[in-house]
There are 2 protein chains.
Amino acid sequence: MTQRTSNASPTGNNGGALPRQRRTYTIGELSKMFEVTPRTIRFYEQEGLLAPERRGQTRIYHEKDRVRLKLTLRGKRLGFSLAEIREVVEMYDAMPDGNTRQLERLLEILADKRANLERQLEDIRLMQRELDDVEARAREVLTRLGAQPPAT
Amino acid sequence: MTQRTSNASPTGNNGGALPRQRRTYTIGELSKMFEVTPRTIRFYEQEGLLAPERRGQTRIYHEKDRVRLKLTLRGKRLGFSLAEIREVVEMYDAMPDGNTRQLERLLEILADKRANLERQLEDIRLMQRELDDVEARAREVLTRLGAQPPAT
DNA sequence: GCCTAGGTTTACGTTAACGTAAAGTGCTTG
DNA sequence: CAAGCACTTTACGTTAACGTAAACCTAGGC
């Protein structure tokens with residue numbers, strides 16, 4: 001009843017060329033798809049990370065918006081602030097007519113984020129070793145207690 | 001399985017042996033060492049992540065404390081909350097006399113964090129590709145503008 | 001025509017992780 | 001001994017990223 005899933009029929013089909021896959025999404029669909037609340041999505045819009053179409057009063061999201069939300073959430077999982085993410089997003093949008101200084105600034109930011117990712121990679125490796133150690137010790141204690149250590 | 005390495009004996013083994021390097025640290029030293037404010041370090045203590053010795057009123061940090069702070073900050077860079085970090089730290093401390101249920105709970109948490117790290121690894125890979133794309137486009141626009149694209 | 005299920009705006013509330021300011025303690029140095 | 005410096009506690013302030021509640025609109029089904 002609720003699930004419309006793959007049913008395409010968008011309300012207004014343009015009489016001309018059909019654009020490949022004209023799928024659109026409501027805020028609720030995206031919300032469930034990415035397991036965030038509608039409030040979160042609206043908040044991201046308010047922060048300049050999304051700019052969905054409006055049909056009357058209701059928001060309509062296209063593929064582009066969905067991708068951007070996906071990237072935003074990925075950035076968040078990596079610990080970037082919304083402000084940082086927006087900075088890149090805005091410059092990306094302004095790229096075609098961006099001046100040289102803007103573009104070089106963008107490259108700076110990108111290099112910065114790259115460095116960040118590298119450090120995170122190293123952190124992850126180190127953290128994994130720590131987890132190995134802790135787990136090994138835990139299992140050791142468990143066996144000493146005579147319990148069956150659960151298989152990994 | 002894993003190595004015992006550097007982490008000195010948990011309970012205090014020194015039956016007369018000199019403790020290798022008896023270095024201690026003030027809060028200010030640690031603060032500069034890790035580029036955080038003293039406030040932050042005191043806050044972590046208040047949150048149960050550190051428990052430095054007290055000489056009179058002032059805190060004295062040993063190697064153990066320094067390591068724990070390092071691990072805490074690493075966890076933070078990976079986006080773990082202080083509460084999550086504390087959860088592991090506390091269980092680790094309670095390990096020798098921890099009961100079976102506690103230990104199994106610890107293993108659960110560890111598996112959870114592992115999964116988290118795996119996802120982050122994937123996120124990083126994807127994000128790096130995105131950065132590649134954005135950078136490529138930016139350089140392209142730059143060359144079209146006739147500017148000298150700065151070397152990577 | 002009314003109900004329900006979505007959507008909307010507005011606005012105040014909440015939590016984590018500190019920042020910051022005030023006021024006091026303790027050593028050591030000229 | 002006064003000054004300075006590093007440390008301390010207490011407590012209120014701040015920011016990001018939403019949560020939550022109230023009050024409203026609108027299309028579709030019975």
Side-chain angles (χ1 to χ4, degrees), chain A residues 1-5 7 9-12 24-62 65-66 68-90 116, chain B residues 24-62 65-66 68-90 116:
Chain A
M1 303 174 187
T2 338
Q3 300 254 356
R4 181 116 309 168
T5 42
N7 185 349
S9 83
T11 42
T24 67
Y25 308 88
T26 72
I27 198 171
E29 287 171 334
L30 285 187
S31 160
K32 290 186 180 178
M33 182 176 305
F34 291 107
E35 300 187 299
V36 297
T37 68
R39 174 70 174 95
T40 297
I41 299 181
R42 292 197 195 98
F43 181 72
Y44 289 173
E45 175 178 350
Q46 177 182 320
E47 293 298 301
L49 291 167
L50 297 172
E53 191 196 328
R54 290 283 184 143
R55 179 143 10 234
Q57 171 173 244
T58 76
R59 297 167 170 82
I60 299 189
Y61 300 86
H62 297 141
D65 301 306
R66 193 186 61 85
R68 186 169 284 188
L69 175 56
K70 188 181 64 180
L71 294 181
T72 298
L73 294 174
R74 181 181 300 156
K76 280 229 61 191
R77 285 199 300 271
L78 293 178
F80 296 127
S81 74
L82 296 184
E84 291 176 303
I85 297 172
R86 179 185 46 203
E87 200 175 10
V88 173
V89 161
E90 278 178 356
N116 224 308
Chain B
T24 67
Y25 309 87
T26 72
I27 198 172
E29 288 172 333
L30 284 187
S31 159
K32 291 185 180 177
M33 183 176 304
F34 291 107
E35 300 187 298
V36 297
T37 68
R39 174 69 174 95
T40 297
I41 299 181
R42 293 198 195 97
F43 181 71
Y44 289 173
E45 175 179 350
Q46 176 182 322
E47 292 298 300
L49 290 167
L50 297 171
E53 191 195 328
R54 290 282 185 146
R55 179 144 9 235
Q57 171 173 244
T58 76
R59 297 168 171 83
I60 299 189
Y61 299 86
H62 297 141
D65 302 307
R66 193 185 61 85
R68 186 170 283 189
L69 176 56
K70 188 181 66 179
L71 294 181
T72 298
L73 293 174
R74 182 182 299 157
K76 279 229 62 190
R77 285 200 299 272
L78 293 178
F80 295 128
S81 74
L82 296 184
E84 291 176 305
I85 297 171
R86 179 184 48 202
E87 199 175 10
V88 173
V89 162
E90 278 179 356
N116 224 308

Whole angstrom value for the distance that separates P of dT8(C) from CD of Q57(A): 7 Å

Please step through side-chain contact (heavy atoms from CB on, under 4.5 Å) for the pair Y61(A) and E45(A), ending with a clear verdict. CA-CA 11 Å; Y61(A) 300 86; E45(A) 175 178 350; 4.1 Å; yes

My understanding is that only residues two or more places apart in sequence, or in another chain, count here; which of them pass side chain to side chain donor-acceptor pair (under 3.5 Å) with T40(B)? T37(B)

Determine, step by step, whether T26(A) and T58(A) satisfy the side-chain contact (heavy atoms from CB on, under 4.5 Å) criterion, reporting the C-alpha distance in whole Å, the side-chain angles of both residues, the deciding distance to 0.1 Å, and the verdict. CA-CA 8 Å; T26(A) 72; T58(A) 76; over 6 Å; no

Which nucleotide, dT9(D), dC7(D), dT9(C), lies nearest any side-chain atom of R59(A)?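 The nucleotide sitting nearest to the side chain is dT9(C).
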
Check the distance between dG7(C)'s P and E53(A)'s CD and give it to me in whole angstrom.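 It works out to 16 Å between those atoms.
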
Any donor and acceptor pair, going by atom type alone, linking the side chain of S31(B) with main-chain N or O of V36(B) inside 3.5 Å? yes

Show, in sequence, the C-alpha distance, side-chain angles and deciding distance for L30(B) and M33(B), and conclude whether the side-chain contact (heavy atoms from CB on, under 4.5 Å) test is met. CA-CA 5 Å; L30(B) 284 187; M33(B) 183 176 304; 4.1 Å; yes

Taking all non-hydrogen atoms of both residues into account, name the closest pair between I60(A) and D65(A) and its distance. O-OD2, 4.1 Å

Salt-bridge contact E47(A)-K76(A) (side-chain N to carboxylate O under 4.0 Å):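 Salt bridge: no.
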
Nearest non-hydrogen partners of Q57(A) and R54(A), listed with the distance: O-NH1, 2.8 Å

Protein-nucleotide distance (E29(B), atom CD; dA6(D), atom P), rounded to Å: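 Rounded to the whole Å, the gap is 11 Å.
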
Could you walk me through whether F34(B) and K70(B) pass the side-chain contact (heavy atoms from CB on, under 4.5 Å) check? CA-CA 8 Å; F34(B) 291 107; K70(B) 188 181 66 179; 3.9 Å; yes

From OH of Y25(A) over to P of dG6(C), roughly how many Å is that when rounded to an integer? 19 Å

Pull out every residue in residues 38-50 of chain A that has a heavy atom closer than 4.0 Å to any atom of DNA chain D, ordered by number, or say none. R39(A), T40(A), F43(A), Y44(A)

Separation of dC27(C) C1' from I60(B) CD1 (nearest whole Å): 14 Å

For dC18(C), take OP1 and OP2 only and decide whether either is under 4.0 Å from a side-chain N or O of T37(B).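 The answer is no; no side-chain N or O of T37(B) sits under 4.0 Å from OP1 or OP2.
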
Counting the atoms with a prime plus P, OP1 and OP2 as sugar-phosphate, which does R55(B) contact under 4.0 Å by heavy atoms, base, sugar-phosphate, or nothing? nothing

Between K32(A) (NZ) and dG6(C) (P), how many Å, whole number?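 One finds 6 Å between P of dG6(C) and NZ of K32(A), rounded.
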
Nearest whole angstrom, please: distance from the P of dT25(C) to the CZ of R54(B).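 The distance from CZ of R54(B) to P of dT25(C) comes to 16 Å, rounded to the nearest Å.
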
Close approaches to DNA chain D from residues 68-84 of chain B, in residue order (heavy atom, under 4.0 Å): none

Using whole Å, what does the distance between atom C1' of nucleotide dT8(D) and atom OH of Y61(B) come to?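 It works out to 11 Å between those atoms.
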
